[in-house]
There are 2 protein chains.
Amino acid sequence: MPNPHAATPARTKRAGAQLSPDAIIEASLRIAARGSADAFTVRRLGEELSADPTAIYRHFRDKDELLLSVADRTLGEVLDGIPGGLDWKGRLRALAAGSLRVALKYPAVASAMASRTTRRTNEFRIVELILGAVMEAGLSGQDAAVHYRMVGDSLLAHVGQRAAYLLFDPDVRAGDESSWNREYRRVDATAFPNITRLSSQLAEVTDDQIFEARVESLIAAIERKAEAVREA
Amino acid sequence: MPNPHAATPARTKRAGAQLSPDAIIEASLRIAARGSADAFTVRRLGEELSADPTAIYRHFRDKDELLLSVADRTLGEVLDGIPGGLDWKGRLRALAAGSLRVALKYPAVASAMASRTTRRTNEFRIVELILGAVMEAGLSGQDAAVHYRMVGDSLLAHVGQRAAYLLFDPDVRAGDESSWNREYRRVDATAFPNITRLSSQLAEVTDDQIFEARVESLIAAIERKAEAVREA
DNA sequence: ACCTGAACACCGTTCAAGT
DNA sequence: ACCTGAACACCGTTCAAGT
């Protein structure tokens with residue numbers, strides 16, 4: 001692409017900030033925040049930075065390493081939204097709500113991280129927070145470790161699942177979204193009596209209801225285990 | 001590509017079965033069962049069928065429609081593995097174990113379906129099964145619908161998360177896998193006392209322990225809700 | 001020391017041409 | 001009626017060449 005300012009040596013292709021890891025991470029966050037309207041690709045990142053798409057390889061080994069850095073930034077946003085002075089249940093609920101909010105804000109990042117670990121500072125802080133909560137609830141040792149993993153993996157899987165959904169193209173999403181009011185309304189009543197009886201209620205369930213039920217079931221599981229340990 | 005048998009008109013490019021939706025679905029399952037060793041792509045499907053990659057577009061609108069058909073087949077495998085004569089908890093446990101087994105057998109399918117719905121027969125049968133279980137537990141109406149969705153979405157998310165992990169290339173997986181024994185062992189003990197104290201236990205938790213804890217927490221949530229309804 | 005841009009090995013999908 | 005194969009608009013990444 002010819003540069004229209006090539007005759008003015010002081011004006012390089014990028015007039016603004018220097019290309020740096022931080023600048024690349026921030027450009028990635030801007031692209032990811034545009035949701036499905038703008039795919040998070042190396043070429044798009046080049047456009048956003050007004051640089052050649054391959055310029056990022058001077059600052060990150062590959063796209064995966066960039067993804068982990070970007071993801072850890074979004075975990076920072078989650079942590080910033082958790083108020084102090086909450087008990088363990090309040091902290092877990094705030095973490096869950098914040099994780100979902102941030103995941104839906106940067107769907108490409110949350111979707112890609114659903115089975116991953118950033119192995120970076122903000123993830124350490126979140127692990128520390130969840131471990132602190134399950135220990136405050138009364139768990140220790142292996143029980144604390146297992147219940148931490150259950151909470152962490154469940155949250156990651158759920159918010160990743162919700163985020164991935166936002167990235168599908170409109171046709172796919174429309175087909176999936178309408179299924180409770182189309183295919184599931186037309187099943188054979190003799191073969192599928194339960195679906196037939198509950199078809200209206202199934203169509204009415206909201207994502208937020210499901211999320212709340214899942215979070216509360218995690219909290220209840222921790223509480224139940226803590227009680228069992230106390231009684232033993 | 002020139003056909004070496006072009007001089008023998010009776011020998012077409014494909015010597016075997018006719019190209020049909022079923023043949024394409026079965027080829028897809030064979031490819032998916034090879035795991036990360038063989039990406040589930042249109043071109044690979046062409047090779048597996050000894051046909052041109054674009055031949056599948058005569059039988060399926062696009063790759064997504066094929067994916068939904070293939071996924072529904074794998075749900076049939078899940079159902080085939082659930083024995084009769086179980087109570088509601090036994091049926092849910094068998095469904096969970098079967099879902100995981102089949103998801104790990106066809107990781108590309110399970111990973112792609114984590115946020116999706118097939119809207120096809122075998123999915124109807126699984127929904128019917130879960131609804132039957134939560135109703136046998138004592139739930140009805142909206143409670144049954146919400147708890148069905150919680151179970152269905154949780155299973156889908158968890159097995160999709162596990163399946164996606166299998167598809168990452170070895171470098172990525174090795175990095176994630178070793179994090180409990182590398183980065184999490186080296187965190188600052190003052191800033192992260194809980195991680196430091198539990199680092200050994202965290203590294204020892206197995207995926208199966210986490211899965212079992214999650215499944216049991218879903219069952220407990222249904223049981224608790226049913227008790228609350230009975231008391232009200 | 002960092003950026004550019006051509007190139008490579010991939011994707012899913014369309015469409016004119018074959019049979 | 002179905003299949004082929006060139007082509008298109010994409011991916012992430014490498015590497016020789018520039019500055």
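Everything numeric here is computed off the predicted structure, so don't read it as measured data.
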Whole-Å gap separating P (D/dT19) and CG (A/D52)
15 Å
Summary of salt bridge (Lys or Arg N to Asp or Glu O under 4.0 Å) pairs that have at least one residue in residues 29-40 of chain B, sequence neighbours excluded:
B/R30-B/E48, B/R34-B/D38, B/R34-B/E48, B/D38-B/R44
Using whole Å, report how far CZ of B/R43 lies from C1' of D/dC11.
11 Å
In whole angstrom, what separates B/L45's CG from C/dC11's P?
12 Å
Testing A/L67, A/L66, A/T74 one by one against A/S28 for a side chain to side chain contact (heavy atoms under 4.5 Å, CB included), which residue passes?
A/L66
Starting at CD1 of A/I24 and ending at P of C/dC2, how long is that distance when rounded to a whole Å?
11 Å
Tell me every residue that passes side-chain contact (heavy atoms from CB on, under 4.5 Å) with A/D169, counting only those two or more places apart in sequence or in another chain.
A/D171, A/V172
Which residues in residues 53-60 of chain B have a heavy atom closer than 4.0 Å to any atom of DNA chain D?
B/T54, B/A55, B/R58, B/H59
Among residues at least two apart in sequence or on other chains, which ones pass side-chain contact (heavy atoms from CB on, under 4.5 Å) with A/T54?
A/D52, A/Y57, A/R58
Give me each pair satisfying salt bridge (Lys or Arg N to Asp or Glu O under 4.0 Å) with a member in residues 108-128 of chain B, each pair once, sequence neighbours excluded.
A/D176-B/R116, A/D176-B/R119, A/E183-B/R119, B/D64-B/R116
Separation of D/dT4 C1' from B/E47 CD (nearest whole Å):
16 Å
If you assign A/R61 and A/A39 each to the DNA chain D nucleotide with the nearest heavy atom, which residue ends up on the more 5' nucleotide?
A/A39
Can you name the residues that form a ring pair (Phe, Tyr, Trp, His ring centres under 6.0 Å) with A/Y184, not counting sequence neighbours?
A/W180, B/F124
Tell me which residues in residues 62-72 of chain B lie within less than 4.0 Å of DNA chain D, going by non-hydrogen atoms.
none
Would you please name every residue forming a side-chain contact (heavy atoms from CB on, under 4.5 Å) with B/A164, sequence neighbours left out?
A/S115, B/S111
Any chance you could measure A/I25, atom CD1, to A/L29, atom CG, to the nearest 0.5 Å?
7.5 Å
Contacts of B/P83 meeting side-chain contact (heavy atoms from CB on, under 4.5 Å) (sequence neighbours excluded), chain-then-number -> B/L86, B/A94
Given pairs defined as Watson-Crick or G-U wobble with both distances under 3.5 Å, what dot-bracket annotation applies to DNA chain C, with ( ) intrastrand, [ ] crossing, | other strand and . unpaired?
||.|||||...|||||.||
Which atom pairs, one a donor and one an acceptor, fall under 3.5 Å between side chains of residues 144-157 of chain B and the rest of the protein, sequence neighbours left out?
unit_1	atom_1	unit_2	atom_2	d
B/H147	ND1	B/D143	O	2.9
B/S154	OG	A/R214	NE	3.0
B/S154	OG	B/M150	O	2.7

Shortest side-chain distance from A/L19, nucleotide among D/dG12, C/dC3, C/dG12:
C/dC3
Nucleotide D/dC10, atom P - distance to CG of A/D169 in whole Å:
14 Å
Taking CZ from A/R44 and P from D/dT13, how many angstroms apart are they, rounded to a whole number?
17 Å
Give the table of side-chain donor-acceptor pairs shorter than 3.5 Å for residues 199-206 of chain B, with sequence neighbours excluded, one pair per line with atom names and distance.
unit_1	atom_1	unit_2	atom_2	d
B/S199	OG	B/T196	O	3.4
B/S200	OG	B/R185	NH1	3.2
B/T206	OG1	B/Q209	N	3.1

